[in-house]
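The structure appears right after this line, and notes come after that.
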Amino acid sequence: MFTAVSAGWGLLVVAILMAVVVSMTKNGTLSLEGGIGLRTPATQHCDECWIAGHRAALPVMRWVAPVAVVVAVAAVLLVVLLPLRGDAPEVVAGVVDGVGYVLVVGLALWAARWADRAALWVHS
């Protein structure tokens with residue numbers, strides 16, 4: 001159970017960080033000098049590129065936190081509720097967590113690509 005719970009916590013941390021990035025992007029407080037955001041060479045070029053990139057990536061970034069939370073909760077519930085013996089619930093939860101990480105990283109990379117493309121258009 002420990003593995004599924006700790007992997008779930010990792011997904012929840014990612015969800016919180018992305019929710020903060022989304023919120024800060026929406027209210028215009030996400031700074032290039034801050035510690036979080038979609039950092040690509042194009043988005044880091046200037047403040048204007050940073051803002052344009054994050055605004056363009058917002059539709060994709062909005063999905064990261066909900067997906068991460070749903071997967072984390074599902075993995076923990078599987079461990080608790082699955083009536084299997086031995087390590088089977090852990091294995092199932094591990095697979096669910098793994099799929100969740102693939103989805104979250106995929107969405108984050110997709111958002112970074114949108115951000116990068118939008119930032120490249122700022123000075124072209």
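Excluded from the calculations below are hydrogen atoms, water molecules and symmetry mates; all remaining heavy atoms, backbone and side chain alike, are included. Everything numeric in this text was worked out from a predicted model, so none of it was measured.
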Exercise for review: Determine the sole option in L12, V96, V102 for which the side chain to side chain contact (heavy atoms under 4.5 Å, CB included) test with V71 is passed.
Suggested key: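 It is V96, the one option of L12, V96, V102 that forms the side chain to side chain contact (heavy atoms under 4.5 Å, CB included) with V71.
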Exercise for review: Would you check if L103 and W63 make a side-chain contact, meaning some heavy-atom pair closer than 4.5 Å?
Suggested key: no
Work out which heavy atom in [X] is nearest to a heavy atom in [Y]; give both atom names and the distance.
X: A56; Y: P59; result: O-CD, 3.3 Å
X: A115; Y: L38; result: CB-CD1, 3.9 Å
X: A15; Y: A65; result: O-CB, 3.5 Å

Exercise for review: Evaluate the criterion side chain to side chain contact (heavy atoms under 4.5 Å, CB included) for residue pair H123 and E48; output intermediate values, then yes/no.
Suggested key: CA-CA 9 Å; H123 297 293; E48 192 178 356; 4.1 Å; yes
If you round to the nearest 0.5 Å, how far is [atom2] of [Y] from [atom1] of [X]?
X: T43; Y: L120; atom1: OG1; atom2: CG; answer: 9.5 Å
X: R55; Y: W114; atom1: CZ; atom2: CH2; answer: 16.0 Å
X: D97; Y: W9; atom1: CG; atom2: CH2; answer: 13.0 Å
X: D47; Y: E33; atom1: CG; atom2: CD; answer: 5.5 Å
X: W121; Y: D116; atom1: CH2; atom2: CG; answer: 13.5 Å
X: M61; Y: K26; atom1: CE; atom2: NZ; answer: 10.0 Å

Review point. Taking T25 for the side chain and V21 for the main chain, is one N or O donor matched with an acceptor at less than 3.5 Å?
Key: yes
Point to revise | Pair L11-V69, side chain to side chain contact (heavy atoms under 4.5 Å, CB included): steps then yes or no | key: CA-CA 7 Å; L11 282 169; V69 169; over 6 Å; no
Following the transitive rule for hydrophobic clusters with a side-chain heavy-atom cut-off under 4.5 Å over Ile, Leu, Val, Met, Phe, Trp and Tyr, establish whether [X] and [Y] coincide in one cluster.
X: V105; Y: W110; value: no
X: I36; Y: L32; value: yes
X: M18; Y: L58; value: yes
X: V60; Y: V20; value: yes
X: V99; Y: V13; value: yes

